[in-house]
Amino acid sequence: MNRDWNPESYLAFNDLRLRPALDLLSAIPALPNGDVIDLGCGAGTVGPALASRFQGHRLVGIDLSDAMLEKARRVPCYDRLERADIAGWVPDRRPALIFSNAALQWVPEHGCLLPGLFNALAPGGVVAIQMPRQHHAPAQEAMRALAQALFPDRFDFSGWQAPVASPEDYALLLSPLGTLSLWETTYFQRLDPSSDGHPVRLFSQSTAARSILEKLSETESEQFLRALDARLAELYPRAPDGSVLYPFRRIFMTVLRQSAEPPSS
């Protein structure tokens, strides 16, 4: 299987994926001088909104996926696009905003990563993050259970831990750094009917299921997806018109760095 992202599959649900980013954007205060970083910019979906809101700031997109960056290059709002792994990324100058929409759940070690991003900010700058906190939802649990049952030679989730922590954990980590705003939202997403598979599977195939599918052959992937469709039909029954109402929980946080450093003792 291709290990890179599939932009077309991801963007098929662009409106649903964009709404949380706009909700996060609306919570960001005025910024000092400095770059605006779209960290994990993907196909550039949020780029136009960032450029419109923060006019006069250089907009820089960071992503590791060549396929996604190729799509982002067609969005005429970025001043610079850079291929980099978020885990090791360091800005070349202190940014005014590090904005990350649905990307950091793919990056480990948040206890080091998030303080590092905050410490890279210019005085008065903001880190703004949104991540799915959906890893214990029935759909995701079904994916892991089916993968382990069908392909036990490749999957063992007995010691698995969710990559996104609890709000309480993020509060303990980030509150000492700056002014923290932290909240969760559950979006009740209406997924349109489809003859190509269960709507929740189609929504999740390019994201939550990606780490499973990339370890399977084409034939194995078809087997897994058929089994997943059947299980999701039980967990998320379709409405009479074939659509599904899919609850999806996301966590949001903004951390404001004070505009002046405290005097040294």
Colleague: Less than 4.0 Å between a side-chain N and a carboxylate O, is that true for Asp66 and Arg83?
Modeller: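 Judged by the 4.0 Å cut-off on N to carboxylate O distance, Arg83 and Asp66 do form a salt bridge.
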
Colleague: Looking at every heavy atom in both Ala84 and Ile62, which two are closest together, and how far apart are they?
Modeller: CB-CG2, 3.9 Å

Colleague: Test of understanding: with ring pair (Phe, Tyr, Trp, His ring centres under 6.0 Å), list the residues that count as partners of Phe118, not counting sequence neighbours.
Modeller: none

Colleague: Would a single hydrophobic cluster contain both Leu180 and Leu97, if residues Ile, Leu, Val, Met, Phe, Trp and Tyr are joined by side-chain heavy-atom contacts under 4.5 Å?
Modeller: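 No; tracing contacts between hydrophobic side chains, which count when under 4.5 Å, never links both residues.
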
Colleague: Apply side-chain contact (heavy atoms from CB on, under 4.5 Å) to Val255 and Leu182, showing your working.
Modeller: CA-CA 9 Å; Val255 193; Leu182 178 67; over 6 Å; no

Colleague: Taking all atoms of both residues into account, what is the closest heavy-atom pair of Ile37 and Pro95, and its distance?
Modeller: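 So the two residues come closest at CG1-CB, 3.7 Å.
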
Colleague: What closest approach, in Å, do Val244 and Pro199 show between heavy atoms, and which atom pair accounts for it?
Modeller: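 Scanning both residues completely, I find the closest heavy atoms to be CG2-CG, 3.9 Å.
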
Colleague: How far apart are the closest heavy atoms of Pro32 and Gly125, and which atoms are they?
Modeller: CG-N, 3.9 Å

Colleague: Just jot down the salt bridge (charged side-chain N to carboxylate O under 4.0 Å, His left out) partners of Asp229, sequence neighbours excluded, or say none.
Modeller: Arg201

Colleague: A side-chain contact here means heavy atoms from C-beta on lying under 4.5 Å apart; do Phe155 and Leu216 qualify?
Modeller: yes

Colleague: Taking it one step at a time, do Ser194 and Phe203 satisfy side-chain contact (heavy atoms from CB on, under 4.5 Å)?
Modeller: CA-CA 11 Å; Ser194 175; Phe203 179 82; over 6 Å; no

Colleague: Membership question, hydrophobic clusters at under 4.5 Å side-chain separation (ILVMFWY): are Leu114 and Phe99 in the same one?
Modeller: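 No, it is not one cluster - the side chains of Phe99 and Leu114 are not joined through contacts under 4.5 Å.
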
Colleague: What class does the angle between the rings of Phe252 and Tyr187 fall in, given that below 30° is parallel, 30 to 60° is tilted and above 60° is perpendicular?
Modeller: tilted

Colleague: Is there a path from Tyr170 to Val126 through hydrophobic residues (I, L, V, M, F, W, Y) whose side chains come within less than 4.5 Å of each other?
Modeller: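 No; Val126 is not reachable from Tyr170 via cluster members.
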
Colleague: Closest approach of Leu69 and Cys41, non-hydrogen atoms and distance?
Modeller: CD2-SG, 4.0 Å

Colleague: Answer yes or no: is there a side-chain heavy-atom contact under 4.5 Å between Pro123 and Gln258?
Modeller: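 SC-SC contact between Pro123 and Gln258 ruled out.
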
Colleague: Can you tell me how the ring of Phe54 sits relative to the ring of His57, calling it parallel under 30°, perpendicular over 60° and tilted otherwise?
Modeller: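 Perpendicular.
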
Colleague: Mind checking what makes side chain to side chain donor-acceptor pair (under 3.5 Å) contact with Glu168, not counting sequence neighbours?
Modeller: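 Side chain to side chain donor-acceptor pair (under 3.5 Å) list for Glu168, sorted by chain: Ser166.
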
Colleague: List the residues meeting side chain to side chain donor-acceptor pair (under 3.5 Å) with Arg144, not counting sequence neighbours, and say none if there are none.
Modeller: none

Colleague: Under the rule for side-chain contact (heavy atoms from CB on, under 4.5 Å), what residues qualify as partners of Ala162, not counting sequence neighbours?
Modeller: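 In terms of side-chain contact (heavy atoms from CB on, under 4.5 Å), with neighbours along the sequence ignored, Ala162 is linked to His135, His136, Trp160.
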
Colleague: Arg94: what forms a salt bridge (charged side-chain N to carboxylate O under 4.0 Å, His left out) with it, not counting sequence neighbours?
Modeller: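 Scan of Arg94 (salt bridge (charged side-chain N to carboxylate O under 4.0 Å, His left out), adjacent residues dropped) gives none.
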
Colleague: When you check the gap from the basic side-chain N to the acidic O, do Arg238 and Asp192 get nearer than 4.0 Å?
Modeller: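 No, Arg238 and Asp192 are not salt-bridged.
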
Colleague: Not counting sequence neighbours, which residues clear salt bridge (charged side-chain N to carboxylate O under 4.0 Å, His left out) with Glu184? List them please.
Modeller: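 Testing Glu184 for salt bridge (charged side-chain N to carboxylate O under 4.0 Å, His left out), a comparison that skips the adjacent residues, returns Arg133, Arg249.
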
Colleague: Go through it in stages, so that I can follow the logic: the residues are Phe188 and Phe248, the test is ring-ring contact (aromatic ring centres under 6.0 Å, His included), and I'd like the CA-CA distance, side-chain angles, deciding distance and then a yes or no.
Modeller: CA-CA 6 Å; Phe188 287 86; Phe248 199 100; over 10 Å; no

Colleague: Return yes if some donor-acceptor pair links the side-chain N/O of Gln130 with the main-chain N/O of Leu25 below 3.5 Å, else return no.
Modeller: no

Colleague: Could you name each residue pair satisfying salt bridge (Lys or Arg N to Asp or Glu O under 4.0 Å) that touches residues 170-180, not counting sequence neighbours?
Modeller: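 Non-adjacent pairs meeting salt bridge (Lys or Arg N to Asp or Glu O under 4.0 Å): zero.
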
Colleague: How about Leu24 and Trp183: do any of their side-chain heavy atoms sit closer than 4.5 Å?
Modeller: yes

Colleague: As an exercise, state the distance from SG of Cys77 to CD of Gln55, rounded to the nearest 0.5 Å.
Modeller: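 With rounding to 0.5 Å, SG (Cys77) is 11.5 Å from CD (Gln55).
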
Colleague: Run the ring pair (Phe, Tyr, Trp, His ring centres under 6.0 Å) test against Tyr78 and tell me which residues pass, sequence neighbours left out.
Modeller: none

Colleague: Look up atom CG in Leu228 and atom CD in Gln223, then write down how far apart they are to the nearest 0.5 Å.
Modeller: 12.0 Å

Colleague: With sequence neighbours excluded, tell me which residues meet side chain to side chain donor-acceptor pair (under 3.5 Å) with Asn119.
Modeller: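 Listed in chain order: nothing, the list is empty.
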
Colleague: State plainly whether one hydrophobic cluster holds both Phe157 and Leu150, where clusters connect Ile, Leu, Val, Met, Phe, Trp and Tyr through side-chain heavy atoms under 4.5 angstrom apart.
Modeller: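 Cluster IDs for Phe157 and Leu150 match.
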
Colleague: With rounding to the nearest 0.5 Å, note down the distance linking OG in Ser217 to CZ in Phe151.
Modeller: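 The distance works out to 7.0 Å.
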
Colleague: Side chains of Met143 and Ile212, heavy atoms from C-beta outward: is any pair under 4.5 Å?
Modeller: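 Side-chain contact under 4.5 Å: yes.
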
Colleague: With sequence neighbours left out, what residues match Arg231 under salt bridge (charged side-chain N to carboxylate O under 4.0 Å, His left out)?
Modeller: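 So Arg231 forms a salt bridge (charged side-chain N to carboxylate O under 4.0 Å, His left out) with Glu234.
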
Colleague: Can you name the one residue among Leu117, Ile129, Val60, Val127 that meets side chain to side chain contact (heavy atoms under 4.5 Å, CB included) with Leu39?
Modeller: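 Among Leu117, Ile129, Val60, Val127, the one meeting side chain to side chain contact (heavy atoms under 4.5 Å, CB included) with Leu39 is Leu117.
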
Colleague: Assess the side chains of Ser65 and Asp63: does a donor N or O sit below 3.5 Å from an acceptor N or O?
Modeller: no

Colleague: Would Glu70 and Leu81 satisfy side-chain contact (heavy atoms from CB on, under 4.5 Å), going step by step from the backbone distance to the final call?
Modeller: CA-CA 10 Å; Glu70 182 59 33; Leu81 287 165; over 6 Å; no

Colleague: Roughly how far, to the nearest 0.5 Å, is the CG atom of Leu202 from the CG atom of Leu225?
Modeller: 9.0 Å

Colleague: Which heavy atom of Gly44 sits nearest to which heavy atom of Ala72, and what is that distance?
Modeller: N-CB, 3.9 Å

Colleague: Take Arg53 and Asp38 through the test salt bridge (Lys or Arg N to Asp or Glu O under 4.0 Å) and record every step on the way to the result.
Modeller: CA-CA 13 Å; Arg53 169 74 190 279; Asp38 188 356; over 6 Å; no

Colleague: If you measure from CG on Leu213 to OG on Ser206, what distance do you get to the nearest 0.5 Å?
Modeller: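 OG of Ser206 is found 10.0 Å from CG of Leu213.
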
Colleague: Provide the full list of salt bridge (Lys or Arg N to Asp or Glu O under 4.0 Å) pairs with a residue in residues 106-123, sequence neighbours left out, each pair given once.
Modeller: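 Residue pairs passing salt bridge (Lys or Arg N to Asp or Glu O under 4.0 Å), neighbours aside: none found.
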
Colleague: Could you walk me through whether Thr207 and Arg17 pass side-chain contact (heavy atoms from CB on, under 4.5 Å), step by step?
Modeller: CA-CA 11 Å; Thr207 52; Arg17 302 192 197 282; 3.8 Å; yes

Colleague: Would you compute the distance between atom OG1 of Thr45 and atom CE of Met68 and round it to the nearest 0.5 angstrom?
Modeller: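 Rounded to the nearest 0.5 Å, the OG1-CE separation comes to 7.5 Å.
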
Colleague: Could you walk me through whether Lys215 and Asp153 pass the salt bridge (Lys or Arg N to Asp or Glu O under 4.0 Å) check?
Modeller: CA-CA 11 Å; Lys215 296 180 174 66; Asp153 59 319; over 6 Å; no

Colleague: Verify salt bridge (Lys or Arg N to Asp or Glu O under 4.0 Å) between Asp35 and Arg58, making sure each step is shown before the conclusion.
Modeller: CA-CA 5 Å; Asp35 293 344; Arg58 187 176 74 148; 2.7 Å; yes

Colleague: Quick one: does any side-chain atom of Ser175 pair with a main-chain N or O of Ala171 as donor and acceptor, under 3.5 Å?
Modeller: yes

Colleague: According to a hydrophobic-cluster definition based on side-chain heavy atoms being under 4.5 Å apart (Ile, Leu, Val, Met, Phe, Trp, Tyr only), do Ile86 and Met253 belong together?
Modeller: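 Ile86 and Met253: one cluster.
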
